[in-house]
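Read through the structure below, which is laid out as structure tokens, and then see the notes.
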Amino acid sequence: MQEIFLKVYLNLNDFDKDLKFSSWIYAIARNQVISNHRRLNSRAEGHSVALEDESAKKIMFNFNIEKALDNSYLKDKVAKVLYSLPEKYREVLVLKFLEEKNYQEISDIIKKPSGTVGSLINKAKSEFKKELDKQQIKI
Amino acid sequence: MSNLDDRDFGENFLHKVKEEKLSPKPKWQFLFKNSLLWGLGIFSLILGAASTSLVFYMLKSEDAGAYSRAGSGMAETLLFVIPFFWIICLAIFAISVYYYIKHTKKGYKYSARSIILVIIGASLVLGGIFNLLGIDRFIDDTLGERAPFYDRVINPRLKYWSNPDSGRLSGLIISEINPLEYDLVDRQGDDWRTLLSPDEDDALMVVGHPVILVGKEAGDHQFMVREILPVGPGRGFFKRPMLRHAPRNCDTDKASGSCNLPMIIPAPNY
């Protein structure tokens with residue numbers, strides 16, 4: 001965490017006023033985490049996704065799944081499915097539905113064009129649904 | 001993190017900044033890096049455009065029919081007509097442009113498709129302008145004159161047209177014996193006596209100028225000409241001093257062992 005703040009401090013003059021400050025910091029944090037993972041030669045998939053009950057609801061709401069569910073059950077299942085998705089899909093789903101970032105902010109964070117972000121989110125949603133079926137999770 | 005942890009974290013952070021006397025990197029460093037990337041991108045784009053213009057130049061000046069008249073099949077013709085070297089250069093420079101633009105500060109905002117379209121469009125437009133200005137010819141002449149392996153790698157057509165056994169000879173006309181006989185030095189520095197038939201148009205047989213000859217070998221270093229072709233790309237190769245200043249007509253001096261009076265062929269003004 002301190003490394004991230006140090007990077008933010010050292011690179012303050014690189015901040016682009018066209019961006020949101022939160023997106024800029026998020027991008028630095030993301031790069032730092034990726035480089036730490038690479039340095040430690042560990043797999044990016046090796047961390048868990050912690051979900052709040054509301055976050056799980058948000059995700060399911062966005063997937064148009066209307067079913068009253070017990071929050072803890074929902075949270076576990078959504079976390080399990082997210083956890084099994086490839087990093088690139090999990091990342092955009094988390095940014096879009098948990099962090100509630102818009103396309104432009106996600107684009108500034110993951111350093112990809114907005115159009116690509118849109119495609120990634122659509123693909124991620126479809127992979128998420130497929131994974132629900134694959135894991136035979138009935139919601 | 002609790003409030004206490006937050007405070008500790010903040011204090012530790014400030015302590016580290018003070019202790020190591022850290023300060024934000026100056027703005028010019030970021031500007032310099034970004035400008036350098038744009039500069040390298042534009043430079044690569046110009047080199048890519050130059051490669052495009054050379055592709056145009058090589059294709060435009062090629063008489064594909066001459067290859068079949070010289071006895072080559074379709075595959076061999078394509079192998080020499082398509083300027084692979086410049087196409088590979090173009091691809092390398094286009095990839096460089098893409099890489100540099102993507103690594104600029106806002107490069108991530110542009111989609112791969114839009115960058116590629118801009119690179120193709122700019123290469124074609126700039127390449128066309130270079131072609132109109134004759135920059136492609138200048139580059140080819142300069143490389144022909146100086147670049148190592150020019151006749152093998154950059155323009156292998158020269159090697160193709162230097163195979164007297166197969167009825168192909170190219171070189172520099174060094175003297176006119178009579179209107180039907182000319183002496184020529186080939187790309188390896190060997191002398192040839194070329195024999196023209198009376199009905200052959202000899203307009204291209206000019207002393208000091210390179211030519212491509214189609215015909216057949218007729219004895220020791222003699223070549224019977226059937227067709228005369230101009231040398232387009234690669235003509236600079238025949239300006240090389242090794243061809244123009246090679247010692248010649250030294251038979252009379254051989255007994256004394258000296259042959260130090262080179263015959264200097266004036267370089268043509270292309």
Side-chain angles (χ1 to χ4, degrees), chain A residues 1-36 38 47 50 52 87-88 91-92 95-96 99 101-123, chain B residues 1-41 94-122:
Chain A
M1 182 71 102
Q2 196 177 51
E3 280 178 70
I4 294 168
F5 272 81
L6 269 177
K7 278 224 159 137
V8 169
Y9 177 65
L10 293 174
N11 292 295
L12 267 178
N13 283 323
D14 193 31
F15 172 60
D16 179 354
K17 291 189 176 83
D18 293 341
L19 304 184
K20 281 183 85 171
F21 194 67
S22 61
S23 302
W24 182 68
I25 289 191
Y26 213 118
I28 290 177
R30 176 182 180 269
N31 288 342
Q32 187 63 39
V33 169
I34 290 171
S35 66
N36 280 353
R38 281 184 187 148
H47 59 83
E52 298 299 326
E87 175 70 29
K88 60 178 179 178
E91 181 176 49
V92 289
L95 286 170
K96 175 78 182 140
E99 301 291 333
K101 303 283 183 196
N102 62 33
Y103 279 26
Q104 192 51 58
E105 288 171 296
I106 298 173
S107 158
D108 294 333
I109 291 167
I110 68 170
K111 304 288 180 199
K112 286 198 161 58
S114 309
T116 308
V117 170
S119 312
L120 266 176
I121 290 173
N122 285 336
K123 186 83 176 120
Chain B
M1 279 198 285
S2 68
N3 286 344
L4 196 62
D5 288 341
D6 282 347
R7 208 174 56 205
D8 285 349
F9 177 80
E11 278 170 8
N12 283 341
F13 175 74
L14 288 173
H15 179 71
K16 190 177 171 69
V17 167
K18 278 181 191 162
E19 194 182 64
E20 296 183 20
K21 291 179 182 161
L22 297 171
S23 60
K25 289 181 201 164
K27 199 161 194 153
W28 69 262
Q29 274 189 15
F30 300 106
L31 280 173
F32 176 75
K33 187 187 165 197
N34 204 41
S35 308
L36 184 69
L37 286 166
W38 274 110
L40 286 169
I95 291 167
S96 305
V97 177
Y98 181 83
Y99 174 87
Y100 291 130
I101 290 180
K102 268 290 184 191
H103 283 79
T104 57
K105 197 166 175 177
K106 293 190 176 175
Y108 69 90
K109 287 178 187 276
Y110 313 118
S111 68
R113 194 170 50 183
S114 58
I115 294 177
I116 290 166
L117 281 175
V118 167
I119 292 172
I120 292 172

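The chains referred to below are lettered A, B, ... by the order of the sequence lines, with proteins before strands, and numbering in each begins at 1. Excluded from the calculations below are hydrogen atoms, water molecules and symmetry mates; all remaining heavy atoms, backbone and side chain alike, are included.
- When heavy atoms are compared at a cutoff of 4.5 Å, Ser107(A) approaches chain B by way of both its backbone and its side chain.
- Heavy atoms of Phe13(B) lying under 4.5 Å from chain A belong to its backbone as well as its side chain.
- To the nearest 0.5 angstrom, Asp108(A) atom CG is 7.5 Å from Ser114(A) atom OG.
- In this structure, chain A has heavy atoms under 4.5 Å from both the backbone and the side chain of Asn12(B).
- Taking the six-membered ring where the residue is Trp, Phe21(A) and Trp24(A) present tilted rings, their angle falling between 30° and 60°.
- Ion pairing between Asp14(A) and Lys105(B) holds under the 4.0 Å rule for side-chain N and carboxylate O.
- The two residues Ile101(B) and Trp38(B) have their closest heavy-atom pair at CG1-CZ3, 4.1 Å.
- Contact count against chain A (heavy-atom pairs under 4.5 Å) is highest for Lys106(B) among Lys33(B), Lys102(B), Lys106(B).
- For Lys111(A), the NZ atom sits in a packed shell: over 12 heavy atoms of surrounding residues, nucleotides or ligands are nearer than 6.0 Å.
- Contact count versus chain B (heavy atoms, under 4.5 Å) is highest, among Leu6(A), Asn11(A), Leu12(A), Val117(A), for Leu6(A).
- With chain B as the partner, the residue from Asp16(A), Ile110(A), Leu19(A) showing the most heavy-atom pairs under 4.5 Å is Asp16(A).
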